Each structure stands twice: as C-alpha cells, then as structure tokens.
There are 2 protein chains.
Amino acid sequence: MANTSGNESVPEEIDPENYSNWFALYHLCKTIGDKKSIHMSSTEFGRLLNVSQQTASRRFQTLEEMGWIQRKLMGNDHIVRITKQGADIMLLMYKSLKKILENILIVGVVTEGMGEGAFYVSIKGYYEQFKEKLGFPPYKGTLNLKLSDLNYALLRENLKTRIPIIIEGFTGGEKDMQSAARSYGAVRCYDCYLSRLDDASKKKKAAILDIERTHHKKNIVEILAKPYLRNYFNLKDGDRLRIELSTS
Amino acid sequence: MANTSGNESVPEEIDPENYSNWFALYHLCKTIGDKKSIHMSSTEFGRLLNVSQQTASRRFQTLEEMGWIQRKLMGNDHIVRITKQGADIMLLMYKSLKKILENILIVGVVTEGMGEGAFYVSIKGYYEQFKEKLGFPPYKGTLNLKLSDLNYALLRENLKTRIPIIIEGFTGGEKDMQSAARSYGAVRCYDCYLSRLDDASKKKKAAILDIERTHHKKNIVEILAKPYLRNYFNLKDGDRLRIELSTS
DNA sequence: ATTACTAAAACCCGAGTAG
DNA sequence: TCTACTCGGGTTTTAGTAA
C-alpha cells in the first residue's frame with residue numbers, strides 16, 4: 001500500500017538506467033488516478049506507453065522487481081497497485097522539481113508589510129494615472145514579494161530592457177495634509193503576470209511598481225493588481241508566486 | 001531567458017520519444033541550480049548523465065533543437081542556459097506529479113473547526129493516558145484533516161489491520177461539572193507521522209484519534225500531536241498534510 | 001581543449017509463439 | 001484471452017577520429 005510508512009531506503013536520485021521505467025511508473029500513476037489499484041493487462045499498458053504488449057509486459061516485470069508496483073495475477077484478472085516505494089519515487093521527483101522551479105522561474109515569496117507602494121495607490125494624482133495607463137483600477141494596496149538575490153538580479157536586468165509605463169510626477173496639495181503643495185515624483189511600472197506555481201492556468205495581469213527604494217527592505221518587489229491578490233490566489237505569508245514579464 | 005514570458009505553445013504531455021532528453025534537461029536544471037547559466041562541456045554533461053561525451057553532445061544538440069536550452073559556443077567556452085520553453089517543460093511535470101501525489105498518498109486538508117477530539121484531550125482521565133500511551137503530552141486541541149472519499153476509505157481499511165492504542169474509558173466526575181459521576185467511553189488511537197507534501201524531511205510523530213463520530217462531519221480525521229501543529233507546519237485552512245501510518 | 005562525424009557494438013523493441 | 005519467452009532487426013550508444 002502506498003499508505004503505510006516506514007524508513008526503508010528511499011533512493012536519493014532516479015537511476016539513469018531506469019528512465020523508461022520511471023516514465024512507465026509515472027503514466028501508470030496518472031491513469032490509476034484516485035483509485036487504489038487498477039485492472040490493466042500488458043496490452044493496455046502497452047497502449048498507454050505507446051509500446052508493444054511485449055515491452056509493456058517487460059516493464060511490468062521490471063517495475064515489480066524494483067518494488068515500485070505490486071501485481072496480482074488472478075487468472076485473466078490483473079490488478080496493479082503502486083507500492084509505498086513507488087509513491088516515494090514520485091515524491092522524490094516532485095520535490096526535486098519544486099526546488100528546480102524555484103530557481104529557474106522568477107518566484108517571489110509573499111511577504112508581510114505595507115510597502116511604500118500602498119502610499120502611491122492611495123494618492124489621487126497617481127491613482128488616476130494607474131487606472132488609465134495600466135488598463136485596470138488597482139487595488140489600493142500592494143502585494144510585497146521577496147525575491148532571492150539571483151531572482152532579483154535577473155528581474156532588474158530584465159526590466160532594464162523593457163520600456164516602463166511612466167506614471168508622471170506632479171505638484172499638488174493633498175487636502176488631508178497640512179503642509180503646503182509638495183511635489184510627487186514619477187514612478188515606473190512594468191506589466192507582468194502572476195500565477196501560483198502549481199496552477200499556471202490562473203494567471204493574473206498585474207504590474208510591478210518600481211519605486212525608488214529609500215528605506216525599503218532588500219529584494220522586495222511591490223505588485224499592483226485589480227483584485228486583492230491575497231484573496232484572489234488564497235495566499236498567506238511564505239507562499240510563492242511566479243512572476244512572468246509580458247512579452248512586449 | 002527563462003524569465004520572460006509569452007504564450008508560445010506548451011506541450012500538454014512529455015513525448016514518449018523524449019524520455020532521455022527530458023531527463024537530460026532535468027539533470028541540467030539541477031546542476032545549474034540557482035545560477036542563470038552554466039559553463040559545461042559535452043564531456044562534463046556526459047559524466048552528469050552517465051553517458052559518453054558523444055551522446056552528451058547529441059543530447060545538447062537535441063535539447064537545443066527542441067528549444068529547451070540555448071548554447072553559446074565561444075571557442076572552448078560553452079555556456080548553456082534553460083529557455084522559457086525548457087522551464088515550462090519542467091513546470092508541466094511538476095504540476096502533473098503534484099496531482100498524482102495528492103491521489104496516491106493519504107493527504108488531508110487542514111480544516112477549520114474544533115472536533116470532539118479537543119474535548120477528550122481536555123479531560124484529565126483521558127489526558128494522562130494519552131501522555132503515557134502515546135509517548136508525548138498532546139497539545140490540548142486537535143487538528144482536523146479532511147480526506148477525500150477514497151483517502152478516507154483507504155485510511156479506514158488500513159487502520160483495520162492495525163492494533164490500536166486503547167485509551168480506557170472510566171467513570172468519574174469532572175469537578176467543573178455539576179452532574180453526578182458519568183461514564184467516559186474508550187477511545188482508539190493510531191500512531192502516525194505528518195509531513196508537508198513539499199518537505200518530507202520534517203516529519204512529526206502524531207496520533208490519529210479515532211472517536212465514534214456522532215455528529216461529526218464526514219471524512220474528517222482528528223490528529224493529536226505534542227506541538228500546536230498549525231504553527232509547527234505553518235498551516236492555514238486548505239493546506240495539505242501527508243499522513244503516514246507507522247509500520248508496526 | 002573542445003564538438004561532432006562515421007561506423008561498429010550494444011541494447012532494446014516487437015513479432016512469433018508457448019504455456 | 002492472458003503473460004512472457006526467444007530471437008531477428010532496428011535503434012541507440014560509443015569508440016575512433018577529424019576539425
């Protein structure tokens with residue numbers, strides 16, 4: 001059963017010899033789906049893997065020898081299930097890929113704290129421009145994403161090659177402030193898309209708000225979007241979001 | 001760059017032809033790690049993949065033809081990076097595995113609500129037994145995990161084959177209750193380990209509290225553990241935890 | 001050093017077929 | 001039907017080697 005547990009030896013890495021077997025297991029898991037076992041002949045398995053019945057039969061044997069699956073051959077009824085070890089093999093790859101993806105994609109970690117960005121959205125002189133130039137009325141707050149050093153460097157480098165959406169500065173007096181007319185500087189924005197790592201289908205158009213960071217923490221990027229993103233993506237601090245820059 | 005985005009065609013599934021190429025890309029990603037590109041000769045790549053230099057060279061060519069990597073050959077300096085398409089290929093498998101794992105492992109969704117379980121831990125007559133028989137003093141509350149129909153069925157079936165830790169019933173009067181001595185029924189527990197799907201290294205010994213469910217919602221399992229699990233695993237409602245039953 | 005071609009060797013697949 | 005064996009043929013890998 002894939003459900004019992006123990007501390008048997010779990011390999012650290014997939015054996016290069018076993019690529020086709022690994023993929024065989026993978027496809028088997030996929031079609032087993034949420035059932036605990038499956039009736040499958042070697043012919044069917046062959047169809048699934050795009051190989052002959054003979055090869056599929058050999059795969060079954062190898063998978064069983066490796067302890068990744070277990071078979072019960074009762075007459076013409078062939079029941080296959082994934083063993084705990086088999087499940088661990090899948091888990092191994094999953095974890096490995098997760099780690100890889102956090103490196104090769106720009107991934108930001110949702111971080112607590114109102115950035116300066118929230119200040120900009122709240123000022124009418126900026127807000128009207130955001131609304132018009134970004135193409136959406138932004139939520140009056142920003143989502144702070146913390147990037148790794150590398151990811152932050154990659155992002156900055158990437159932004160350099162892009163034409164920013166310029167939010168013009170202006171001089172004016174906010175009525176709530178007792179000070180006289182002060183000047184508000186220009187801000188740059190960049191279109192982007194956000195998505196959860198595990199569900200790329202739900203992509204949200206957003207914008208990176210590139211403000212001159214004065215007393216801002218390092219490697220933090222502030223995001224503007226129409227909805228309240230923490231609700232939209234069901235986020236909590238520490239969750240990861242993928243940032244994709246739009247192709248211009 | 002793996003960081004720019006577009007809507008180029010992303011394949012739905014890994015082509016059976018490309019198993020070895022897929023693994024080549026995978027290993028390449030792994031060793032690139034958190035750098036954006038890597039210096040790698042075909043000899044080194046061969047060592048990495050456990051194949052000859054010639055085969056590694058062919059792999060490089062194929063990966064490049066498929067648009068999964070990009071190479072710059074400047075004299076004897078060979079720089080390789082993963083393209084957006086290559087990153088998407090990895091992402092595809094990641095998502096696929098995530099889905100598989102949620103089916104073949106017993107995974108519970110963290111669910112709001114005090115179950116009856118919390119009641120048991122709060123009663124001294126039970127608590128002292130929990131402490132002694134489970135081997136840890138449980139946190140005075142339970143974590144509710146909601147399972148899928150299948151997972152719940154699998155779990156129950158699995159528990160059937162196990163010897164429960166019996167928490168004896170007793171008759172006694174709780175001092176805070178004005179009622180006379182009442183009787184408290186026996187409860188069954190089962191050792192288990194909990195872990196986040198994405199970090200199996202952090203496993204927490206815990207126990208499934210198997211109470212007779214009276215007005216309990218369906219498919220809910222209550223968990224006892226020493227720490228407050230929502231903090232320990234940094235959980236919020238909707239997060240998933242893997243339940244592994246200990247090998248007895 | 002490298003990459004990558006050609007040709008031989010090794011390996012794997014699937015047809016045929018037995019149980 | 002089914003699984004799974006043997007073996008011929010095709011594919012892939014590697015050794016040798018050129019650039």
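Bear in mind the structure is a predicted one, so any value in this text is a computation, not a measurement. Below, chain A is the first sequence line, B the second, and so on; all start at residue 1.
- In this structure, the CG atom of A:Asn50 is 13 Å from the C1' atom of C:dC13, given to the nearest Å.
- Remark: A:Ile106 CD1 to A:Leu241 CG distance equals 13.0 Å, nearest 0.5 Å.
- Across the protein-nucleic acid pair, B:Arg59 atom CZ and D:dT11 atom P stand 16 Å apart, rounded to whole Å.
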Which pairs, protein N/O on one side and nucleotides 2-4 of chain D N/O on the other, fall under 3.5 Å?
from: D:dC2; atom 1: O4'; to: A:Asn76; atom 2: OD1; distance (Å): 3.4
from: D:dC2; atom 1: O3'; to: A:His78; atom 2: NE2; distance (Å): 3.3
from: D:dT3; atom 1: OP1; to: A:Ser42; atom 2: N; distance (Å): 2.8
from: D:dT3; atom 1: OP2; to: A:Ser42; atom 2: N; distance (Å): 3.3
from: D:dT3; atom 1: OP2; to: A:Ser42; atom 2: OG; distance (Å): 2.4
from: D:dA4; atom 1: OP2; to: A:Arg71; atom 2: NH1; distance (Å): 3.1
from: D:dA4; atom 1: N7; to: A:Gln53; atom 2: NE2; distance (Å): 2.8
from: D:dA4; atom 1: N6; to: A:Gln53; atom 2: OE1; distance (Å): 3.0

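- A salt bridge is absent between A:Lys133 and A:Asp191: the closest approach of a Lys/Arg side-chain nitrogen to an acidic carboxylate oxygen does not fall below 4.0 angstrom.
- Note on ring orientation: taking the six-membered ring where Trp is involved, the planes of A:Tyr19 and B:Phe23 are parallel (angle under 30°, cut-offs 30° and 60°).
- A straight line from CZ of B:Phe45 to P of C:dA1 spans 21 Å, rounded to a whole angstrom.
- The rotation axes computed at either terminus of the helix from C:dT2-D:dA19 to C:dG19-D:dC2 lie 40° apart, taking five pairs at each end and rounding to 10 degrees.
- Distance, A:Leu49 CG to C:dG14 P: 10 Å, rounded to whole Å.
- Summarising the local packing, NZ of B:Lys205 is surrounded by more than 12 heavy atoms from other residues, nucleotides or ligands at distances under 6.0 Å.
- Closest approach of A:Ile163 to A:Tyr190, counting heavy atoms only: C-CE2, 4.4 Å.
- Salt-bridge check for A:Lys72 with A:Asp77: failed, with every basic side-chain N at 4.0 Å or more from each acidic carboxylate O.
- Phosphate contact (OP1/OP2 of D:dT13, side-chain N/O of B:Thr55, threshold under 4.0 Å): absent.
- Look at B:Arg58 and you'll find a side-chain N or O under 4.0 angstrom from OP1 or OP2 of D:dT13.
- Closest non-hydrogen pair, B:Met93 versus A:Tyr26, comes out as SD-CE1, 3.6 Å.
- Electrostatic pairing of B:Arg242 and A:Asp88 counts as a salt bridge here, judged by a charged N lying under 4.0 Å from a carboxylate O.
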